[in-house]
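Encoded as structure tokens, the structure appears first; notes follow it.
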Amino acid sequence: MAFVEIQQVQRRIGVLQILKGIDVSLEKGGFLVLLGPSGCGKSTLLNAIAGLQPPTSGDILLDGESITGLHPSKRDIAMVFQSYALYPNMTVAQNVGFPLEMAGIAKAQRDADILSVAKTLQIEHLLDRKPAQLSGGQRQRVAMARALVRKPRLFLFDEPLSNLDAKLRVEVRAEIKRLHQQTGATIIYVTHDQIEAMTLATKIVVMKEGAIQQTGTPAEIYNRPANMFVADFMGSPPMNMLAGKVSADGRALVPDAEPGSLLPLPHVLAPGQRVVLGIRPENIGVEGGSLRLDLPVEVVEPTGSDIFLWLRFGTALISARLAATESPTVGDRLSVALDMARAVVFDEATGGRID
Amino acid sequence: MSLSATAPTRMNRIVIYGLLLIFAAVYLVPLFVMLATSFKTLDEIRGGNILALPAQPTIEPWARAWGSACIGVTCEGIKGYFWNSIKMVVPAVLISTALGALNGYVLTKWRFPGHRIVFGLMLFACFIPFQSVLIPMARVLGQLGISNSTAGLVMVHVIYGLGFTTLFFRNYYDAFPDELIHSAQMDGAGFLTIFWRILLPSSAPIIVVTVIYQFTNIWNDFLFGVSFSSGANAPMTVALNNLVASSTGVKEYNVDMAAAVIAALPTLIVYVVAGRYFMRGLMAGAVKG
């Protein structure tokens with residue numbers, strides 16, 4: 001049995017079903033990211049694990065024991081909140097020491113623990129300050145220190161980076177990753193940012209409307225999305241989606257956007273079936289690939305490291321990612337290569353991936 | 001919009017300050033008359049101008065009001081009644097504020113089924129007229145054996161104040177982030193620890209508001225005082241009324257005025273000391289920062 005087992009967890013508020021039977025497991029030392037758009041139930045699930053919003057039905061096991069009925073304080077779980085939730089009337093040292101104080105740990109031991117965790121997070125110089133005197137990034141570190149100091153069995157993070165500016169977000173993200181590698185802690189992390197999920201997770205759970213869409217490693221989720229929702233949610237710009245009908249020989253797609261062309265499918269399908277072909281921008285380039293198309297350039301978006309192109313394909317726009325060394329101009333016809341081996345096909349009606 | 005279009009012109013300024021000065025004078029004249037009269041001798045009061053400053057200032061009326069003026073049949077001044085009021089106000093304010101804080105905490109952070117109805121009923125208590133509870137309250141006090149005592153008055157004021165203090169604290173704690181409570185719960189803090197360590201230290205503004213409000217109301221209360229106490233147990237307001245009403249020979253306006261100022265002094269002091277927190281507390285939570 002895995003270290004964390006979430007079994008058939010449901011939560012209902014009136015007739016509204018917030019969580020529709022969630023099953024998740026996580027090994028000790030794993031980093032699980034709950035990913036999804038706002039309102040998908042990911043924070044509700046996190047609160048259920050924390051004990052702040054008990055599930056209507058289902059069970060949550062930690063290290064083999066059910067914790068579903070336990071009070072939050074008895075679960076040995078620490079949480080970092082989106083707003084950091086630092087106690088405004090206490091200094092940083094008192095904040096960090098609060099869980100230890102509540103656990104009845106002696107003052108001398110407490111001070112030693114506070115200092116040691118403050119060193120790890122480089123907040124020693126802030127220990128005497130009040131939260132109001134700290135910057136966003138510093139507050140974030142203090143919140144992490146307060147969670148870390150208890151050495152809990154499980155860490156929960158509720159969108160911890162969403163209140164930080166872009167630059168700081170990247171820094172703290174790396175810091176969280178470093179902490180995870182250093183301490184080997186088991187972490188469950190909620191975010192709506194797919195880049196955070198990709199960079200941090202050992203396992204991602206993509207949720208939508210209270211149900212799990214896909215569970216897997218970041219690579220699995222990105223390369224083999226279970227359905228169109230996951231494919232569209234992961235990646236920026238998102239995967240190109242071309243709806244159409246399978247040709248008479250079952251080997252190609254006749255896209256609705258450009259019915260005159262034939263796009264070879266990665267595998268043979270039933271002729272006439274309605275499908276959606278998905279291909280990521282980075283699988284469209286100037287070299288290699290199995291299919292060449294001559295497409296006019298409509299928009300050029302340089303990002304510094306790459307160039308994103310929007311190419312006209314019949315009635316559709318296709319995004320492509322090129323190396324920054326390329327210099328296409330708007331209005332040019334560009335010969336691009338599509339790596340059809342990496343394309344994925346979805347059933348248009350159900351949205352599920354077809355293998 | 002240009003600055004000159006919104007900035008008051010010189011004429012506007014004169015009108016505004018002129019009006020403000022007139023209203024300030026209207027409000028301050030009675031206080032001035034009271035203070036001036038309280039330092040005058042009786043002869044001067046009878047012969048002189050009510051607005052004039054005392055010609056030969058004397059503190060004798062103050063001493064008489066405090067220590068030897070006759071109230072009813074006893075001639076020991078108002079000092080005993082002043083202490084009666086203090087003994088009534090301090091516990092009543094402390095208890096009603098503490099209970100209001102606890103109520104506000106439970107109604108916002110430990111919500112139970114029906115919490116809205118309970119709060120609605122408590123709010124309703126704010127609108128019950130004093131007069132309608134006099135007779136039932138008298139009976140309750142009698143049955144508890146604390147009629148005509150300071151303890152009885154404390155109880156009446158605590159009960160009557162609870163609606164207001166609960167309202168103040170509930171609205172203040174409503175804006176207090178739930179995440180802090182959740183965080184403290186996960187850190188292992190219990191119901192009272194969270195209240196004492198997390199919530200109360202952040203409640204200074206609303207505590208000041210509640211204390212001022214309760215102190216002023218209870219100190220100035222006359223109806224409960226006159227209904228549920230008598231004789232030597234009466235609070236200051238009742239004694240002041242009796243002092244002014246007791247007529248043995250000459251009417252001592254200067255003593256009456258001195259006694260009235262003494263009666264008003266504690267609320268004045270509370271406002272001067274804590275007034276700036278009062279406004280700040282009233283505004284807190286109105287606009288989320």
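In what follows, every heavy atom counts, from backbone to side chain, and hydrogens, waters and symmetry copies are set aside. The sequence lines fix the lettering, A, B, ..., with proteins before strands; numbering per chain opens at 1.
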Determine whether more than 12 heavy atoms belonging to other residues, nucleotides or ligands lie under 6.0 Å from atom CG of B/Leu19. yes
Do you know which two heavy atoms are closest between B/Ile198 and A/Asn89, and how far apart they sit? O-OD1, 4.0 Å
Heavy atoms from other residues, nucleotides or ligands near CG of A/Asp165 exceed 12 (cutoff 6.0 Å): yes
Heavy-atom side-chain contact between A/Met90 and B/Arg197 under 4.5 Å: yes
Is A/Lys74 atom NZ crowded by more than 12 heavy atoms from other residues, nucleotides or ligands, each under 6.0 Å away? no
A/Leu86 versus chain B, heavy atoms under 4.5 Å apart: side chain, backbone, both or neither? backbone
Side chain, backbone, both or neither: which part of A/Ala50 has an atom under 4.5 Å from a heavy atom of chain B? both
Judged by atom type as modelled, is there a donor-acceptor pair below 3.5 Å linking the side chain of B/Glu179 to the main-chain atoms of A/Phe81? no
Going by heavy atoms in the side chains, are A/Pro72 and B/Met186 under 4.5 Å from each other? yes
B/Ser202 versus A/Pro88, closest heavy-atom pair with distance: OG-CG, 3.8 Å
Neighbour count >12 (heavy atoms, 6.0 Å) for atom CZ, B/Phe124: no
Interface check, chain A: of B/Gly190, B/Ala189, B/Pro177, most non-hydrogen pairs under 4.5 Å belong to B/Ala189
For B/Tyr81, all residues meeting side chain to side chain donor-acceptor pair (under 3.5 Å), sequence neighbours excluded: none
Less than 4.5 Å apart, side chain to side chain, heavy atoms only: is that true for A/Asn47 and B/His182? no
For each of B/Leu180, B/Asp187, B/Ile181, B/Thr193, tally heavy-atom pairs with chain A at distances under 4.5 Å, and name the one with the top tally. B/Asp187
Determine all donor-acceptor pairs shorter than 3.5 Å in which one atom belongs to a side chain in residues 136-146 of chain A; sequence neighbours excluded.
{"unit_1": "A/Gln138", "atom_1": "OE1", "unit_2": "A/Ser135", "atom_2": "N", "d": "2.9"}
{"unit_1": "A/Gln138", "atom_1": "OE1", "unit_2": "A/Ser135", "atom_2": "OG", "d": "3.3"}
{"unit_1": "A/Arg139", "atom_1": "NE", "unit_2": "A/Pro131", "atom_2": "O", "d": "3.3"}
{"unit_1": "A/Arg139", "atom_1": "NE", "unit_2": "A/Leu134", "atom_2": "O", "d": "3.2"}
{"unit_1": "A/Arg139", "atom_1": "NH2", "unit_2": "A/Leu134", "atom_2": "O", "d": "3.2"}
{"unit_1": "A/Arg141", "atom_1": "NH1", "unit_2": "A/Leu121", "atom_2": "O", "d": "2.9"}
{"unit_1": "A/Arg141", "atom_1": "NH1", "unit_2": "A/Glu175", "atom_2": "OE2", "d": "2.9"}
{"unit_1": "A/Arg146", "atom_1": "NH1", "unit_2": "A/Ala85", "atom_2": "O", "d": "3.0"}
{"unit_1": "A/Arg146", "atom_1": "NH1", "unit_2": "A/Asn95", "atom_2": "OD1", "d": "3.3"}
{"unit_1": "A/Arg146", "atom_1": "NH2", "unit_2": "A/Tyr84", "atom_2": "O", "d": "3.3"}
{"unit_1": "A/Arg146", "atom_1": "NH2", "unit_2": "A/Ala85", "atom_2": "O", "d": "2.9"}
{"unit_1": "A/Arg146", "atom_1": "NH2", "unit_2": "B/Ser183", "atom_2": "OG", "d": "2.8"}

Select one option (side chain, backbone, both, neither) describing which atoms of A/Glu101 are under 4.5 Å from chain B's heavy atoms. side chain
Check this for me: B/Trp110, atom CH2, are more than 12 non-hydrogen atoms of other residues, nucleotides or ligands nearer than 6.0 Å? yes
Would the distance check show the side chain of A/Tyr87 and the main-chain N or O of B/Leu199 forming a donor-acceptor pair, the cut-off being under 3.5 Å? no
